[in-house]
Every structure is written in C-alpha cells, then in structure tokens.
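First the structure, in the form of structure tokens, and then the observations on it.
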2 protein chains.
Amino acid sequence: MTRSEENYIKTIFHLGGSDSVPIATNAIAEQMETKPSSVTDMAKKLAEKGLVHYKKYQGVSLTEFGIKTALSIIRKHRLWEVFLVKKLDFTWDEVHEVAEQLEHIKSEKLIDKIDELLDFPKFDPHGDPIPSKDGKFMIRDKQLLSDVPVDTEGVCVGVKDTSPTFLKFLDKNNIALGNTIRILEKEEFDQSLHIQMDGKELHISHQIASNLYVKLND
Amino acid sequence: MTRSEENYIKTIFHLGGSDSVPIATNAIAEQMETKPSSVTDMAKKLAEKGLVHYKKYQGVSLTEFGIKTALSIIRKHRLWEVFLVKKLDFTWDEVHEVAEQLEHIKSEKLIDKIDELLDFPKFDPHGDPIPSKDGKFMIRDKQLLSDVPVDTEGVCVGVKDTSPTFLKFLDKNNIALGNTIRILEKEEFDQSLHIQMDGKELHISHQIASNLYVKLND
DNA sequence: AATTAAATTTAGACAAAACTAAAAATTTGT
DNA sequence: ACAAATTTTTAGTTTTGTCTAAATTTAATT
C-alpha cells in the first residue's frame with residue numbers, strides 16, 4: 001500500500017463508505033482537497049486491489065478487506081496521538097499533523113509495542129475509539145451537548161470538531177475531556193447554554209455545544 | 001525535501017562526501033542500489049537546491065547546508081534507534097529498518113521531545129554518535145579489535161558492520177556493547193583471536209574482530 | 001418527457017523518480 | 001601519447017499520482 005492509497009482508504013472510511021453505502025467521487029475529492037478525476041483514477045486502482053467496490057458513476061464503498069485496512073490505519077493514527085500526548089507532552093491540538101505522518105510507518109511490531117507502552121488505551125486524546133489489533137473498538141453512547149435537555153448532568157467524553165482552532169479555544173476555557181458538565185439553562189433565542197463545568201459556571205454558544213460530546217450520568 | 005532527496009544526502013555523507021572530497025556517481029549508485037544515471041539526475045537537482053557541489057564528471061560533495069541536513073537526518077535515525085531499543089524493547093538488529101522510515105518524519109518538536117525522553121543520549125545502539133540539535137557530535141577514540149595488540153584491555157564500544165546477521169551472531173555469543181575485552185593471544189596463521197570477555201574466554205575470527213570497536217583502558 | 005444542471009469519467013499532459021541504451025568524457029595501460 | 005576500458009552523462013521511456021479540459025452519464029426541473 002502506498003501512502004496515497006492509504007489516505008484514500010482512510011477518507012472513504014471516515015465519510016461512511018464502510019457500510020456499503022457508496023460515497024460520491026465528489027465528496028472524496030472535496031474532503032481530500034483534490035480533483036474528482038484523480039479520485040476516479042484511484043478508485044479503479046483500489047478496486048483492482050480488492051479494497052473498494054466501484055462501479056462507474058455509482059460511487060465507492062469499502063470491501064471487507066478495505067474496512068480492515070482502514071481500521072488498521074486509524075488504529076495507528078490514534079495510538080500515535082495518545083503516545084504524543086501521554087509520553088511527549090504534546091497538546092491535543094498539535095497531534096493530528098504528526099500522527100498523519102506516523103500512521104504510515106510500516107511495522108507491525110512497532111505499533112503493537114507502542115500500544116503496550118501506553119497500556120492499551122481505548123480512546124484517543126479527542127475521545128475517539130482506538131480499534132484493537134483485530135479491528136474491534138468500543139462505541140460509547142455519547143450525545144452532542146447541544147442535544148441534551150436542561151438540568152441533565154454528564155461527562156465530557158469527546159469532540160466532534162478536532163481543528164486546532166477549536167481545541168485551543170477549549171483549552172483556553174478550561175474545557176477538557178473528563179470534566180463534569182451540567183446544563184443549567186438553554187437560551188431559546190440563540191440556543192446558547194448556561195452550564196456548570198467542574199464547579200464553575202459559564203456560557204457557551206450553540207456552535208461550541210454542537211461540537212462537544214457528553215456521556216450522560218445514569 | 002523529499003524522502004528520496006534525504007536518502008541521497010544521507011548516503012553521500014556516509015560515503016565521506018562531507019569533507020569536500022567528491023564522491024563518484026558510481027559509488028553512490030552502488031550504495032543505494034540504483035543506477036548511475038539516476039544519481040546524475042538527482043545530483044543536478046540537489047545542486048540546484050544548494051545541498052551539494054556538482055560539476056559534470058567530477059562527482060558530488062555536500063555543501064555546508066548539505067552537511068547540516070545530513071546530520072539532522074542522522075540525528076533522527078539514531079535517536080529513533082535508541083527509542084526503539086530503550087523504550088520498546090527492540091533488539092539492536094531490528095531497529096535499522098524501522099528507523100529508516102521514522103527518520104523522515106517531519107516535526108522538529110517530535111524529535112526534540114524524543115531526545116528529551118531518552119535523556120539526550122550521545123550514542124546509538126551500535127555505538128555510533130548522535131549529533132546534537134546544532135550538529136555537533138562526540139568522536140570517541142576507538143579502534144578495531146583486530147588492530148589492538150595482545151594483552152591490552154578495553155571496552156567494546158561499537159560495531160562496524162551493523163547487519164542483522166552480524167548483530168544476531170554477537171547476541172548469540174553474548175558479545176555486547178559495554179563488555180570488557182582483553183586480548184589473550186593472536187593466532188599468526190589466520191589472525192583469529194583468543195580473548196577474555198567479561199570473565200569468560202572465547203575464540204573469535206579475524207572477520208569478527210575487524211568489525212568490533214574497542215576503547216582501550218587508560 | 002425533454003431539457004438543463006450537476007456529477008463523473010475519459011483523454012491527454014505533467015512532474016518526480018526511476019530505468020535502458022547510446023553517446024561522451026575521463027582514466028588507464030602500454 | 002593514444003587506444004582501450006571505465007565512468008558518467010544524455011536522451012528517451014516508464015510508473016505513480018496528479019491535473020485540465022472535454023465528453024459522457026445521471027439527476028433535477030419544468
């Protein structure tokens with residue numbers, strides 16, 4: 001697998017092409033900041049190799065083998081992210097770019113040893129699940145903070161937007177995974193929230209709330 | 001810098017092209033298992049970029065900038081090797097291949113943090129010096145075991161041949177860096193040595209002795 | 001159902017990095 | 001010093017991954 005092939009497989013997976021729901025050429029091109037014609041070329045190549053299902057004009061979806069491959073790349077990406085944060089004191093907004101490179105390193109032993117060094121983490125620094133060696137991963141029941149009713153309490157377990165801009169904003173406002181969140185009030189007008197986070201009270205916009213995942217307390 | 005450019009720079013450095021001693025196209029091609037014509041093409045490209053001195057038919061040598069670049073790549077390679085051995089329990093014969101990939105990861109912060117995590121090591125698992133951030137490295141006064149007179153004592157500090165075959169052989173015979181070595185007898189006929197290593201006595205061939213570096217005791 | 005709009009594919013081209021075969025320069029041997 | 005051998009370069013191709021522009025198919029709209 002070349003680096004480029006791996007990036008296509010990963011993107012198709014993230015766009016949902018794993019459930020035999022075909023993904024449009026255009027959507028892939030947009031996500032990868034490339035041209036639809038390039039996607040068509042690669043689609044043919046990946047189909048040749050048995051990684052995707054592809055019929056002209058019908059979009060692309062991953063085969064079983066393609067899904068396995070995607071999960072392996074995602075596993076590497078997320079384990080490296082944990083490594084960078086836990087062992088090298090990177091902040092969660094710094095890890096993505098470097099992990100994009102590290103995920104392509106070819107050595108089964110390397111990633112298994114990293115996994116072991118980190119004590120087999122189940123989630124990455126943004127709260128996303130890390131597939132195990134055999135492709136299984138935990139699906140945590142979580143909801144967007146913006147979808148939660150007033151007066152409920154939960155724990156912040158993930159972010160939807162993982163851009164450095166958003167993550168740095170969260171840092172600045174002391175919003176971190178693991179924090180306890182209670183919704184005190186929801187403003188009808190602009191959907192902004194008045195919340196209590198680890199004791200302190202603060203206001204957050206709908207934009208923010210719709211990019212934070214919480215797990216409700218039982 | 002592309003990966004290929006980095007590999008050329010590294011090879012030229014290792015062949016001695018850093019002392020403005022030009023290296024022959026053929027020598028580079030052989031070392032890199034490629035064709036001389038490919039080397040010519042790359043030589044032009046690297047000269048364009050100010051990394052090498054190149055005059056037709058006169059071979060290639062690194063510029064100041066080329067040397068700086070080479071040292072930075074070698075620094076990364078060797079730090080990753082230490083990381084693999086010290087933190088992930090790789091054996092010294094396993095590290096080269098993976099480090100060849102890791103050395104191309106582009107992140108200044110990453111390699112500096114790895115350096116820090118390892119407590120700023122000065123030598124890699126094969127005894128080769130690790131350049132510091134500013135390109136300086138220790139040159140240890142060492143000699144090939146085969147060049148040392150009978151009855152002298154020293155410490156094993158490095159290997160010349162770093163092939164997995166040789167390194168595994170050393171492991172099997174409990175020869176490791178840091179071991180104390182005393183030459184008891186040198187066989188005139190085949191230059192083989194009778195040595196004492198950390199107490200135990202053993203015989204080693206000239207082939208072996210000429211690939212082991214020792215630092216003599218004062 | 002026909003036409004327009006949008007998405008997708010084809011055809012042809014390009015850059016990077018490699019190769020082969022042939023030409024040119026350098027080195028060697030006598 | 002000059003022919004032979006070796007080394008190096010040039011010229012032309014290949015592969016991978018990309019692009020543009022044109023053609024084609026599918027989807028949307030009247």
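In what follows, chains carry the letters A, B, and so on, assigned in the order in which the sequence lines appear, proteins first and then strands, with residues in each chain numbered from 1.
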Please report the distance, rounded to the nearest Å, between [atom1] in [X] and [atom2] in [N].
X	N	atom1	atom2	value
A/Y57	C/dT9	OH	P	7 Å
A/E30	C/dA6	CD	P	15 Å
B/K35	C/dA21	NZ	P	10 Å
A/I23	C/dT8	CD1	C1'	16 Å
A/Q58	D/dT26	CD	P	7 Å
B/K55	D/dT9	NZ	P	13 Å
A/L46	D/dT18	CG	C1'	15 Å
B/I28	D/dT9	CD1	C1'	14 Å

Of the listed nucleotides [options], the one nearest the side chain of [X]:
X	options	value
A/A24	C/dT8, C/dA18, C/dT9	C/dT8
A/K56	C/dT10, D/dT26, C/dA7	C/dT10
A/K44	D/dT18, C/dT10, D/dT10	C/dT10
A/T25	D/dT8, C/dA18, C/dT9	C/dT9
A/D41	D/dT9, C/dT20, D/dC19	D/dC19

Check: At what distance, to the nearest 0.5 angstrom, does CG of A/D124 lie from CG of A/L118?
Finding: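 With rounding to 0.5 Å, CG (A/D124) is 11.5 Å from CG (A/L118).
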
Check: Hey, does the Lys NZ or Arg CZ of B/K109 hover above the aromatic six-ring of A/F90, less than 6.0 Å from the centre and inside 45° of the axis?
Finding: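 That pair qualifies as a cation-pi contact.
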
Next item on the list: Can you check whether any acceptor in the base of D/dT20 is under 3.5 Å from a donor in the side chain of A/S37, or vice versa?
Entry: yes

Item checked: Closest-nucleotide 5' rank along DNA chain D - winner of B/V39 and A/R3 ->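 By nearest-heavy-atom nucleotide position, the 5'-most residue is B/V39.
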
Next item on the list: Check whether the side chains of A/H77 and A/H96 place a donor and an acceptor atom closer than 3.5 Å, and report yes or no.
Entry: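 A donor-acceptor contact under 3.5 Å links the two side chains.
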
Looking only at side-chain N and O atoms, does [X] come under 4.0 Å of OP1 or OP2 in [N]?
X	N	value
B/Y8	C/dA16	no
A/T34	D/dC19	yes
A/S4	D/dT18	yes
A/N26	C/dA6	no
A/S38	D/dT18	no

Notebook entry, point to check: Can you find a pair of side-chain heavy atoms, one from A/V98 and one from B/K106, that are under 4.5 Å apart?
Noted result: no

Notebook entry, point to check: Hey, what's the ring geometry for A/W80 with A/F83, parallel, tilted or perpendicular (30° and 60° as the breaks)?
Noted result: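 A/W80 and A/F83: perpendicular rings.
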
